Amino acid sequence: MACARVPLDEQSVTEPGPLGKERTLPALHPERKEERYFVPYKPPPEDGSPAEVEEFLEHFWCQVVFDESLQRCLDSYLHHAPRGLDLAAVPSSPAVADMQRSVHRAVFLTFLRMATHKESKENFITPAVFGEIIYENFLFDIPKILDLCVLFGKGNSQLLHKMIENIFTQQPSYYSDLDETVPTVLQVFDTILEKCGLQCEGATAMEPMKLNAHKQPTALTMSQQDFVDIIMYLCDSTTTIHAFLDIFPAACSSFHSHGFVSRLTSFYGSVVPDLEMAIRKRNLDDKILQEDLWKRLSHSCRKMVETTHLLLHHTCLQPILEGRENMETFAEELLQHFTSFLPEKRFLSDYDEQFPIAEDVSLLQQALPVIDETRTSYLLQGVESAWDSIGRQKPQSQIEPKASSLPSASWGAAGGSPAASPTGSKRQEVREPGDGGEILRGAEAILDVPRRGNNGAVCSVSGAELESLLSCIKDLLPDLGEGFLLACLEEYNYNSELVINNILEDRLAPSLDKLDRAMPRPVKEELPNVLTSRSNVFDDDEFDIFRRDQVDMSRIWKGRRKAENTREMLNDKQHIAEQKARYQAYETVVDEVIIEPGETAATYGLDDYDDEYDDTYDMNQVGANDLDGDSLLNRRDQFVQDPAVLRERAEARRAAMQQRKGYRPERPSNVVGQPKGQGQTTETLLDRRKKESNKSRVGNHNRRTMADRKRNKGMIPS
C-alpha cells in the first residue's frame, strides 16, 4: 500500500493480476485504467433554426435505437438500483444521495421519452413504426416493464400507466409476451417451495411429493445465507408483481387466465407458516437481521394478499359494478374463488382482515338478488371458522363495521403482517421501510383521522402520508420548495402523480403559477385554546365550571336522589295544590249579576251586548219570485210521457248531431240475402263474414267470459 505522505507519481499499489496472483504496479500505470465509455458533447444550435433544432433533438432516437451501450447502461440501472425496502443500499453521504436522486430522475425521464411516440405536433413517429422500433430493438420487454413499475411506481403511477398503456397499444405483441411470462412467474413460487423442501424437484404445485424422493433442506436446516436469499427473493418477487398489476390493471386478465389466484393462495398457505416458524426458531446472532427478515416477510404477505384482491377486483368484481353483460357468470366465478379459499385457513383470515369478504358478499347480494343465500351463509360461516381455527379474533372494525371505501391504487392499500411476531406475540406493529415510518398492523392499514395542515385547513391525508408525498415528489423535483409543493398537493387533492405530471408538462393552475417555486414550508401556527373559542348553549349557566369558580354542589348528585323513593314521589300532590287556584276562577257560575249604582259592567267582567230580536229582514218578501205550484205539477207530469215519443225525439237529436259532424250512418246489415241457388251479392257476403267474426260479442257465445267478469266484480259468489 502507498504511504499517505508519498506523492502520487512515486506511489505503488498491490492488486491481483489477471491470473489471480498479486502484483505491484505504480499508481499511474496504463493497466489500471478502467474500460468506460464517454459520450462526446455537442453544443446546442446557436441561431435556433428549426432544421438545426430538429437535428439536435433527433439524436436521442438514434442513440436509443442504434447505441447498445445506452441500452446496457439503462439495463444496469434497472438491475442494480435499490428498491424501496433496501435500507442498506441507501447512501449515507448527502452528496451521493443527491447524485442518486438525479440519476434516478434522469433514467425515468429517459424511459418516459422512449415510450412516447408523439412529443409535439412537429416531432412525432408513426404509431405503427414506433411499435415496430420498440419491439424489434428490445427497447422494452416484460422484465423491464416490471422493474420500471417497482422502481418508479411510487409517486409516478399515473405517468407509468400512460406509458405502459401506450406501449401495449402501439405494439399488441407485448400481450402475447405477457402470456408467455406468467408461467415463468409461477415458476418462481415452485422454486421457493423446492428450496424450502416443500415440493419435490420437477414436481408441480398440484402434484404430491414422492415418499422416496431426495430430502431437500428445509427453512430450518438450510444455511443462513440461503435462508436470507429466499426471503429477499420472495419479497422482491411479490413486490414487483403487485406493483405491475396495480399500475397496469389490464394485465390482470392474463394472470387470471393462468390460474394465478389458486396457485398464489396454495403457495401462501404452504410457505408463509414455514418461513415464520424458521425466523422465530433460528438462532440468529444479529437481531437487526432478524427484524429485517420479519419485516420483509410481513411485506411479502401483505403484497400477496393485495395481489389476490387486485385480480379478483378487476376480473370479477369490477364487471359487476359496471353492469356488464353476464353478471351472473362473474358473480359465480367470484364465489367459486372465495369458496376455494376455505381450505387455506391462514390465507383466508389474512385476506378477510384486510378486505372483508362479508362486504363483497353484501355487494353481490345488492347487485344480484338471485344469489343463493344458503351458499353465501356457508361461505361466511367458513370465514368465521377460519378465524377460530388459527386462534385469532376479528378486528373491531369488522365486528362493528363503519363506512369504508375501496382501497385506492396508490396510497389506500397498506397493510402489515398477519402473523405472530418472532418474540411470541400474536401481532406486531411493523413499520414499512421507506414509507415515512407509517405503522402497519397485521394485514390491515391504519385508518387515519383527517388532520389539519399548517394553515389550519383539514387535510385528507395523515402527517406521515403527507411527508411521504413530499419526499416522493422531491426525489424527482429536488429544486422545488416544500411550501410550493404543499400548495400544489392541496390544489390537486393530494394526488402526487397529478402534481408531478402537471409540473413536468407546465400545466399548473393559474394560482400556482404565480407562486415562487422555491417557497419554503410555512411555519406551523399555534391553534387557539379550545376552551376560549368554544360556544355552547349552556354558557354562563349555574353549572358552567369554566366560567364560575363556585358551583352549588347540593344541586348536583349522581344517580337517584337520597331519601327519595317511589311511594313518596307518588304521594306528593304539590302540583295539584298549585293548579287549584287556577281552576277556582271557574268554580261559580252566576246567571244574573246585580250592578250597584255607580258601577259598570266592566267591573264584573261583563259586556253591554243585548240579545234582542233582529228585524232587519222582516220587509223582504220570501218566496215572491218562486214558481207557482201549477208549474211544478206540470213538470212532474213529464215523467209519464209516451216512451215512443221520447225515442223519436232522441233519434231526431242524434240525427241532427250526426249531420252537423258529417257522420255517415252505417249501411243496414243484410245477412239473409236471396234464396239458395240464385247467387248472393257482395254486400251480403261481407255482412255474413262480419257477423261470423263478431258474433262472439253478442248473443250467447261469450257466456264464460261474462260469467268470469261478473265473478271478478263480486256479483257471483265464488
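As the structure is a prediction and not an experimental result, all values here were calculated from the model. In this chain, numbering begins with 1 at the start of the sequence shown.
- Contact annotation: the side chain of Gln354 never approaches that of His309 to less than 4.5 Å [non-hydrogen atoms, C-beta and beyond].
- Asp75 and Gln71 share no donor-acceptor pair across their side chains, judged by distance under 3.5 Å alone.
- Between Phe130 and Phe124, a ring centre-to-centre spacing not shorter than 6.0 Å is recorded.
- Side-chain atoms of His314 never come within 3.5 Å of backbone atoms of Cys252 as a donor-acceptor pair (strictly under, hydrogens ignored).
- Residues Tyr174 and Asp141 have side chains that never bring a donor and an acceptor to within less than 3.5 angstrom of each other.
- The side chain to side chain donor-acceptor pair (under 3.5 Å) with Asp179 is formed by just one residue from the set Ser253, Ser257, Ser254; it is Ser254.
- With values rounded to the nearest 0.5 angstrom, Leu151 atom CG is found 11.0 Å from Leu146 atom CG.
- A salt bridge between Lys303 and Asp236 is absent, with no side-chain N of the basic residue lying under 4.0 Å from a carboxylate O of the acidic one.
- Note that the CG atom of Asp513 and the CZ atom of Arg507 stand 12.5 Å from one another [nearest 0.5 Å].
- Between Phe244 and Phe248, the ring planes lie tilted relative to each other; the angle falls in the 30° to 60° range.
- Between the side chains of Asp229 and Gln225, at least one donor N or O sits under 3.5 Å from an acceptor N or O.
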Without placing hydrogens or testing angles, list every side-chain donor-acceptor pair under 3.5 Å for residues 102-111, not counting sequence neighbours.
| from | atom 1 | to | atom 2 | distance (Å) |
| --- | --- | --- | --- | --- |
| Ser102 | OG | Asp98 | O | 3.0 |
| His104 | ND1 | Tyr77 | OH | 2.6 |
| Arg105 | NE | Leu476 | O | 2.3 |
| Thr110 | OG1 | Ala106 | O | 2.7 |

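- Distance alone, capped at 3.5 Å, is enough to place a donor-acceptor pair between the Arg83 side chain and the Ala81 backbone.
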Full working for side-chain hydrogen bond (donor to acceptor under 3.5 Å, both in side chains) between Asn166 and Gln170: CA-CA 6 Å; Asn166 186 53; Gln170 306 305 332; 3.2 Å; yes
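- In this structure, Leu317 and Leu363 have side chains that are in contact, with non-hydrogen atoms separated by less than 4.5 Å.
- Checking side-chain atoms of Asn501 against main-chain N and O of Glu497 turns up no donor-acceptor pair under 3.5 Å.
- Residues Glu306 and Phe355 have side chains in contact (heavy-atom distance under 4.5 Å, counting atoms from C-beta outward).
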Where do Phe189 and Phe260 land on the ring pair (Phe, Tyr, Trp, His ring centres under 6.0 Å) test, with the steps shown first? CA-CA 11 Å; Phe189 299 149; Phe260 194 85; 5.8 Å; yes
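- Applying the side-chain hydrogen bond (donor to acceptor under 3.5 Å, both in side chains) criterion to Thr239, with sequence neighbours excluded, gives His299.
- Taking each heavy atom of Ser300 and Cys235 in turn, the nearest pair found is OG-CA, 3.0 Å.
- Atom CD1 of Ile473 and atom CD1 of Ile503 lie 6.5 Å apart (nearest 0.5 Å).
- A donor-acceptor distance shorter than 3.5 angstrom exists from the side chain of Asn137 to the backbone of Ile133, with no hydrogens or angles considered.
- Contact between Ile134 and Gly131 at its shortest, heavy atoms only, is CG1-O, 3.4 Å.
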Hey, mind stepping through Leu477 and Leu480 against side-chain contact (heavy atoms from CB on, under 4.5 Å) and telling me if it holds? CA-CA 6 Å; Leu477 307 169; Leu480 300 180; 3.8 Å; yes
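- The local environment of CD in Glu322 is crowded, with over 12 non-hydrogen atoms from other residues, nucleotides or ligands closer than 6.0 Å.
- The distance from atom CG of Leu160 to atom CG of Asp246, rounded to the nearest 0.5 Å, is 11.0 Å.
- Scanning both residues, Leu485 and Lys474, for their nearest heavy atoms gives CD1-CG, 3.5 Å.
- The closest side-chain heavy-atom distance from Leu498 to Asn493 is not below 4.5 Å.
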I'd like to know whether Leu312 forms a side-chain contact (heavy atoms from CB on, under 4.5 Å) with Tyr351, so could you lay out the CA-CA distance, the side-chain angles of the two residues, the decisive distance to 0.1 Å, and finally the verdict. CA-CA 12 Å; Leu312 295 181; Tyr351 183 91; 3.7 Å; yes
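- In summary, Arg521 and Glu467 engage in a salt bridge, as defined by a charged side-chain N under 4.0 Å from a carboxylate O.
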Verdict with reasoning, Phe255 to Thr307, per side-chain contact (heavy atoms from CB on, under 4.5 Å): CA-CA 10 Å; Phe255 280 79; Thr307 301; over 6 Å; no
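- Scanning all heavy atoms of the two residues, the minimum distance from Cys472 to Lys154 falls at SG-O, 3.0 Å.
- No donor-acceptor pair under 3.5 Å is formed between the side chain of Asn502 and the backbone N or O of Leu508.
- For the pair Pro249/Gln318, no side-chain contact is recorded, criterion being any heavy-atom separation below 4.5 Å from C-beta on.
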The test is side-chain contact (heavy atoms from CB on, under 4.5 Å); show your working for Ile279 and Leu297 and say whether it passes. CA-CA 10 Å; Ile279 294 177; Leu297 181 59; 3.7 Å; yes
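- Nearest heavy-atom pair, Gly155 versus Ile500, reported as atom, atom and distance to 0.1 Å: O-CD1, 3.1 Å.
- Considering CG of Leu70 and CE of Met114, their distance stands at 7.0 Å, rounded to 0.5 Å.
- Between the Lys162 side chain and the Ser157 main chain, no donor and acceptor come within less than 3.5 Å of each other.
- Not counting sequence neighbours, the partners of Ile192 by the side-chain contact (heavy atoms from CB on, under 4.5 Å) test are Val188, Cys196, Ile230, Tyr233, Leu234, Phe267, Val271.
- Scanning all heavy atoms of the two residues, the minimum distance from Leu470 to Leu486 falls at CD1-CD2, 3.9 Å.
- Between the OG atom of Ser237 and the CE atom of Met232 there is a distance of 12.5 Å, given to the nearest 0.5 Å.
- A heavy-atom distance below 4.5 Å is not found between the side chains of Pro520 and Glu482.
- Taking the side chain as every heavy atom from C-beta outward, Ile142 and Glu180 never approach each other to under 4.5 Å.
- Taking the side chain as every heavy atom from C-beta outward, Thr308 and Val305 never approach each other to under 4.5 Å.
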